Amino acid sequence: MSIVNVNTEEEKLKATTVRWRIFIIMLLLGAINYIDRTSLSIAMPYITDEFGITDTRVVGVIHSAFFWAYALMQIPSGVIADKFKARNIIALATILWGAFQAVAALCHSIFTLSLSRLGLGVTESPIMPAGAKLMGTWLTPTERGRGSMLLDGGAPLGTALGAVIIAGLIAFFDSWRMAFVVAGVGTMLVGLLAWWYIRTYPSEHPRINQAELDHITAANGPATNSKKYRLADIKPYLKQRNVLALIGGWVCYSFVFYGLMTWLPLYFQATYGFDIKSMGGAMALIFLLCFIGQLTGGYIMDKWLSKGAKTSRVMHTMLAISATTAGVGIFLCAQSSTPAIAITLLTIALFPLRWASVYWSIPGLLGAQSVAGTICGTMNFTSNLFAAILPIFIGFLVQSTGNYYAAMMFFALAAVGYLICSLLINFDKKMDIAEK
């Protein structure tokens, strides 16, 4: 599709901002992603009553269905992102996961509900690898910090808003089924929006002007179709220190974020006697500020890089602050005896935690844009595989000790692993790309 002609000389000189609108859409998709993920947790009290479920192990199996499917599809999704156009993948995946969200409303058994969650996990899985591909083609190296934060910012935003939205829909319709239908249809409509506006390459977009196109290509070079990669092509990269550090750091970060996202409500209830309203308010505050911190970190990174700072200095400093603040904040929270102090410390801990989202841009920064989908898919597969096991491990730990202290210490230790792996990434050494 040709670039639209601009009518005035002033408009020709002023670059359009199509790239940022695309990543605002990706932020919206990410938030909806997490709203749909958490919808089952919000509706579970109603589902257990209706289905007659009394065994919490059954509830755990239903919850885990999503994570197993999502984890096991990450590497295939990364390969798909390297083979096909990101626009097609993102739009189709969004429409399909919205359909699975809505179809869950028709389920009347544990088996069919679990199948709907498996479908949700499979169809949500291509979004992040495809988003990483968009980042490499649309954003310059000094813009990818902000791009990473927008791409992955839906997690804290969706977590903060999800409970409010789904609970509100259930209350309005007096039905968890209608809430799922509305959420699913809304997701599908946003998928159509993504198809209408997103393009895989800047040169394909009808709304970009020459000034913005020149800005992108001057930094990245002209975008071309990537080479076609197979699943087996990830093997050579698993021998490189940078890739291993990237995967290890993302796993450790995920232990912290997903661990807290999953267990904080029960931690507040068991430790401080919070009711549902208090837990919801605390979670909304903590994760909303986590989202604000994520955007702030991306802005700082890009500003610092635009002033000519070395990539290694910027990335290592920001990631070190992120990991250290999270680890220390969680450690001190476990020692606190009052809820106000605990909430304050956790808010401080999570404010910079999601600076880790810059990990999505690192393959491109290290010269591996052509296989960024495969590498990021492997990174996300590993972290989500552990995320599926983590609730079982933490549940066992809490059951064995009778409190959440050991679990909080585990999250603090995971932050140390996130710090070490981040510092092991050598930003001065390009990744070795295997020749076809």
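Because the structure is a prediction, the values reported are computed rather than measured.
- Here CD1 of Ile22 is found 11.0 Å from CH2 of Trp20. Values are rounded to the nearest 0.5 Å.
- Environment of CZ in Phe386: sparse, with no more than 12 heavy atoms of neighbouring residues, nucleotides or ligands closer than 6.0 Å.
- In this model, no donor atom of one side chain and acceptor atom of the other lie less than 3.5 Å apart for Ser383 and Tyr253.
- What you find for Ala356 and Leu319 is that their closest heavy atoms are CA-CD2, 4.0 Å.
- At distances below 3.5 Å, at least one donor-acceptor pair connects side-chain atoms of Thr200 with backbone N or O atoms of Arg87.
- Remark: side-chain polar atoms of Thr324 are not paired, donor with acceptor, to backbone N or O of Ile321 under 3.5 angstrom.
- Remark: the backbone N or O of Ala211 is not paired with any side-chain donor or acceptor of His215 at under 3.5 angstrom.
- If you take CD1 on Ile24 and CZ on Arg19, they are separated by 11.5 Å, rounding to the nearest 0.5 Å.
- Using cut-offs of 30° and 60° for the angle between ring planes, the Tyr258 and Tyr34 rings count as parallel.
- Atom CG of Asn384 and atom CD of Glu124 lie 10.0 Å apart (nearest 0.5 Å).
- Judged by distance alone, the side chain of Trp355 and the main-chain N or O of Leu295 form no donor-acceptor pair under 3.5 Å.
- Evaluation of the salt bridge (charged side-chain N to carboxylate O under 4.0 Å, His left out) test over residues 411-428, restricted to residues two or more places apart or in two chains, returns Lys310-Asp428.
- Rounding to the nearest 0.5 Å places CD1 of Ile89 at 9.0 Å from CD1 of Ile127.
- Taking the six-membered ring for Trp, Phe410 and Phe255 have ring centres closer than 6.0 Å.
- When all heavy atoms are compared, the tightest approach of Gly297 to Met318 is O-CE, 3.7 Å.
- Under the 3.5 Å distance criterion, the side-chain polar atoms of His316 are left unmatched by any main-chain donor or acceptor of Leu424.
- Applying the side chain to side chain contact (heavy atoms under 4.5 Å, CB included) test between Pro202 and each of Leu139, Ile208, Thr217 identifies Ile208 as the sole match.
- Gln101 places no side-chain N or O within donor-acceptor distance of the main-chain N or O of Thr187, the cut-off being under 3.5 Å.
- Rounded to the nearest 0.5 angstrom, Leu289 CG and Thr296 OG1 are separated by 9.5 Å.
- Side-chain atoms of Thr347 never come within 3.5 Å of backbone atoms of Ile286 as a donor-acceptor pair (strictly under, hydrogens ignored).
- The backbone N or O of Ile216 sits nowhere less than 3.5 Å from a side-chain atom of Thr140 that would complete a donor-acceptor pair.
- Separating the NZ atom in Lys85 from the OG1 atom in Thr137 is a distance of 11.0 Å, to the nearest 0.5 Å.
- Of all non-hydrogen atoms in Leu346 and Cys333, the two that sit nearest each other are CG-SG, 3.6 Å.
- Residues Asn209 and Thr16 have side chains that bring a donor and an acceptor to within less than 3.5 angstrom of each other.
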Can you list the steps and then say if Leu134 with Ile90 is a side-chain contact (heavy atoms from CB on, under 4.5 Å)?
CA-CA 10 Å; Leu134 281 182; Ile90 291 167; 3.5 Å; yes
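- For His205 (side chain) and Tyr197 (main-chain N/O), a donor-acceptor pair under 3.5 Å exists by modelled atom type.
- In this model, no donor atom of one side chain and acceptor atom of the other lie less than 3.5 Å apart for Tyr272 and Ser337.
- What you find for Leu350 and Cys290 is that their closest heavy atoms are O-SG, 3.3 Å.
- Between Tyr267 and Ala334, the shortest heavy-atom distance links the atoms OH-CA, 4.4 Å.
- Side-chain atoms of Gln294 and Ser357 include a donor-acceptor pair closer than 3.5 Å.
- Geometrically, Arg354 does not engage Phe291 in a cation-pi contact defined by less than 6.0 Å to the ring centre and at most 45° from the axis.
- Between the side chain of Ser322 and the backbone N or O of Leu353, at least one donor-acceptor pair lies under 3.5 Å.
- Classified by interplanar angle (parallel below 30°, tilted 30° to 60°, perpendicular above 60°), the ring pair Phe180/Trp176 is perpendicular.
- Cation-pi geometry between Arg37 and Tyr70 is met: the NZ or CZ atom falls under 6.0 Å from the ring centre, inside 45° of the normal.
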Could you please spell out the steps behind the side-chain contact (heavy atoms from CB on, under 4.5 Å) verdict for Leu213 and Gln210?
CA-CA 5 Å; Leu213 184 61; Gln210 192 63 45; 4.0 Å; yes
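- Ring centroids of Trp97 and Phe100 are separated by 6.0 Å or more, keeping the two rings apart.
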